Each structure stands twice: as C-alpha cells, then as structure tokens.
Amino acid sequence: QTGDKVWDRRDLQIYQPVRQGSSPIVDNENLYVAFDGTDQQFFIALDKATGDTLWKVDRNVDTDWDATLRGGGFSAKKGGKPNDNKKSFATATLIEVDGKRQLIAPAAEAVISYAPETGKELWRTVHPGGFNVAARPVFTSGLNHFLMGIRPDGSGNVTDTHIVWSTFKGTPNIPSPVIVGDLLFMVTDKGGIAGCLHATTGEVIWRKRLGGDHWASPILADGKLYFSSKQGEITVLTATREDPQVLASNELNAAFIASPAVANDSLILRSTTHLYCIADGHHRTSEQVAADVYPEQHETKRATAKATTNDGQDKRLAALGVQLKEMVKAGKLTPDDAIELYHAAA
C-alpha cells in the first residue's frame, strides 16, 4: 500500500556463475524459495510478514556425476566447472494430494516433495542428470510433471516405483508447460517445437514447428495458447488435441525472454527493451509508433548519453577483469568461470 520496506534478507548467499534464478512463491503465511548453487543447495521457508526463517533444509543430491555422464554415452570432462551439475533455476509449486499440501521443488538431479509447514521431505525421484533445470512443475490428475509424470503419493525415494512415464524427446529446458484438462502443451527452447502430450500417459498427440528459440513459457487465455520467441515472433495456437490451427503469427522488432501475462482482456508482453499492452479495439498509427520508438528530437541527447554510458561500462569491465583475476589466483574461481562471467557482463 505504501511501498515502504517491511523487511529484507541479505544473508542467503550461494555461488551461481550466472546468478540465482528460482522465483519465490507464497501461500497465506510463508514465502518459499530454492537456492541451488554450485557451492551449496538448500530450500528455505520464511515468514512473509517478518522475513524470519521458519525452516531450512539441505538439498544436496549425492550422485556420481561422472557415472551419469558415462551412462549417457559421454566422457567426463577434465578440468570442467566444479559442481556445475548441482545448479538449478526451477521454481517450486504447491499442490494438494488427499487433503495434504506438498511443495514440489525440482533440483538439478532430483524432484523433491516437502511438507510446506515443516520442510520434512515427503518423497523424491532422482533423474539422470540435468543441471540448469528451469521449467516449473505442473500438476493435474494426480501426477506431477517435470520431464516425467510422477505419482505424488509416495514416501522416501520413489524413483523406481512412482515414475509413471518419462520422455526426453522434444522436452523444454527453460519454458514451463501448460496443462489444459488432460492435455500438456509445451515448446522447446531451441528450434521452437510445440508439442501436445496426454498428461497422464505421456503419449505424444502432436508436434508442430513454430521456429525460433523460446525462453518464455507459453500461456493459456480464452482457449488459445500464446508462444513468444527470442526472435520476436508471437504465435497463437488453438489449445486442442487436434492438429492445432495457427490463429495468428506476428513478428515484433523485439526479443522476448519473459513470459507474457493477461490482465482482463489485455495481453502484456515484456521484451528485453519494451513493455507492450495489446488489446482489441486499440490502434496506434505509424506516426505514434515512430514518435515513441524513434524520437528524433532526442537523438542528440541519446547519442551523448550512450557515449557516456559506454565510457563508464569500459571502466567497470576493466575493474571487473582485475577482480576476477584475483579470484582465480585465490582459487575462488576457475579460469573458465572467470571468462564466462566477464563475457556475461560485457
């Protein structure tokens, strides 16, 4: 109501070469969030009114990563990034099964269910590797889907007993799927292959190439699926088990990474540079668009600001390079990690 800070926490630190990516979720009383770095992995519940820790559980999954690589036909890379297989960016989901709540929280090499009130582990399934997990689990018909369908009524390690189906063909690493009745819709982050699976069996019903790279999750609105790509293309499909009809396909001069949102009858799109609101009955002339996107009266000011910004960026990059070299010397970073961080900042 006021924007005044109620509380903050700065002591929850992990090492993530490309920074923390798991979103917090809330219920009536608590805030829950996963921290899965290369140095430590834990899940924590905070009192959302005070920020106090209610419970915190270690979630390091003890697996033989080299054996996992060999089992998949890969050789262990010498001198690779330490514990790179431990990091994850997934957001948890709260579900209810047989009148009891569960907090389904994917980690890099396992899906773990916690009791939201206490943090007690209810069950887990270990999956064969897969760092950089990002897609959020979705729940329907008594199954939890995270590249596989899992019955959530188990206890302990249920890897061998409760995985109903699994598939690694055409599954996304980053965008989350959408459940509509007994159908699961998804899109691959590379190549933009949209797919429809039967939610309780994993049976592939159809696949359709949209093209482009998709980091944003598809959304459902008014019986339609909206897909937005990094190349700026928005594709609208019918949410059906039949071969879907492309209702619309529009390309914007933009790159979409964030998932879209719907507010009443408006579609909200956030690109890497702009925020768009699209609604029926509204029209902007080419002159209005040009005035917003290419304001000639501000060209000189923008050019001056850009030059100043570039100079400041060069100085900050130089300082970062010195800092990274010191961290490598101190053994806090590998040379590969330092190079990756520098290029990311640049």
Side-chain angles (χ1 to χ4, degrees), residues 18-23 87-93 106 108 111 127 130-140 145-149 166-180 183-199 202 204-263 266-278 344:
V18 290
R19 304 298 181 263
Q20 167 75 347
S22 300
S23 298
K87 64 184 183 182
S88 175
F89 305 91
T91 296
T93 293
V111 178
H127 50 80
F131 54 87
N132 293 340
V133 168
R136 186 177 187 179
V138 292
F139 175 73
T140 187
H145 302 272
F146 186 73
L147 302 180
M148 49 188 146
S166 64
T167 178
F168 296 93
K169 183 178 181 181
T171 56
N173 290 319
I174 299 175
S176 301
V178 174
I179 289 284
V180 183
L183 302 178
L184 183 150
F185 298 97
M186 60 188 182
V187 64
T188 60
D189 34 304
K190 294 183 178 180
I193 306 297
C196 173
L197 277 64
H198 194 286
V204 177
I205 298 174
W206 55 256
R207 297 190 191 279
K208 190 178 189 69
R209 179 178 292 276
L210 305 181
D213 300 319
H214 291 250
W215 283 18
S217 300
I219 63 166
L220 175 76
D222 193 27
K224 306 175 185 66
L225 294 164
Y226 292 77
F227 301 84
S228 44
S229 75
K230 293 177 69 176
Q231 287 72 29
E233 187 167 10
I234 310 297
T235 305
V236 186
L237 301 181
T238 50
T240 174
R241 68 175 59 246
E242 309 300 329
D243 187 25
Q245 177 185 359
V246 178
L247 301 176
S249 181
N250 296 282
E251 187 172 348
L252 284 73
N253 184 21
F256 294 105
I257 295 176
S259 303
V262 173
S266 298
L267 179 67
I268 311 296
L269 300 167
R270 178 167 67 86
S271 77
T272 54
T273 57
H274 287 73
L275 187 67
Y276 301 85
C277 176
I278 300 173

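Each residue takes its place number in the sequence, starting with 1. If you're wondering where the values come from, they're calculated on a predicted model, not measured in any experiment.
Applying the side-chain contact (heavy atoms from CB on, under 4.5 Å) rule to Q231 yields the partners D213, S229; only residues at least two apart in sequence or on another chain are considered. With sequence neighbours excluded, the residues forming a side-chain contact (heavy atoms from CB on, under 4.5 Å) with R241 are D182, L183, I205, listed by chain and number. Partners of Q245 by side-chain contact (heavy atoms from CB on, under 4.5 Å), not counting sequence neighbours, listed by chain and number: T238, L247. For A263, there are no side-chain contact (heavy atoms from CB on, under 4.5 Å) partners two or more places apart in sequence or in a different chain. Residues forming a side-chain hydrogen bond (donor to acceptor under 3.5 Å, both in side chains) with K224 (at least two apart in sequence, or on another chain): D222.
Between S228 and H214, the shortest heavy-atom distance links the atoms O-ND1, 3.5 Å. Nearest approach of W206 to E242, heavy atoms of both residues: NE1-O, 3.3 Å. Residues S271 and A254 approach most closely at CB-CB, 3.7 Å, considering heavy atoms. Of all non-hydrogen atoms in F227 and L210, the two that sit nearest each other are CG-CD1, 3.6 Å. Minimum interatomic distance between S176 and P218 (heavy atoms only, all atoms of both residues): O-CD, 3.3 Å. The two residues S259 and S217 make their nearest non-hydrogen contact at OG-N, 2.9 Å.
One finds the OH atom of Y226 at 12.0 Å from the OG1 atom of T235 (value rounded to the nearest 0.5 Å). Distance check: L184 CG to I179 CD1 gives 4.0 Å after rounding to the nearest 0.5 Å. In this structure, OG1 in T272 is found 6.0 Å from CD1 in I257, a value given to the nearest 0.5 Å.
V246 is listed as a side-chain neighbour of K208, based on a closest heavy-atom distance under 4.5 Å.
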Show, in sequence, the C-alpha distance, side-chain angles and deciding distance for I234 and F256, and conclude whether the side-chain contact (heavy atoms from CB on, under 4.5 Å) test is met.
CA-CA 9 Å; I234 310 297; F256 294 105; 3.7 Å; yes
Q.
As a quick check of understanding, evaluate side-chain contact (heavy atoms from CB on, under 4.5 Å) for L267 and V262, giving each step before the final call.
A. CA-CA 5 Å; L267 179 67; V262 173; 4.2 Å; yes
Show me, pair by pair, the donor-acceptor contacts under 3.5 angstrom made by side chains of residues 185-197, not counting sequence neighbours?
residue, atom, partner, partner atom, Å
T188, OG1, K190, O, 2.9
T188, OG1, G192, N, 3.4
T188, OG1, I193, N, 2.9
D189, OD1, N173, N, 2.8

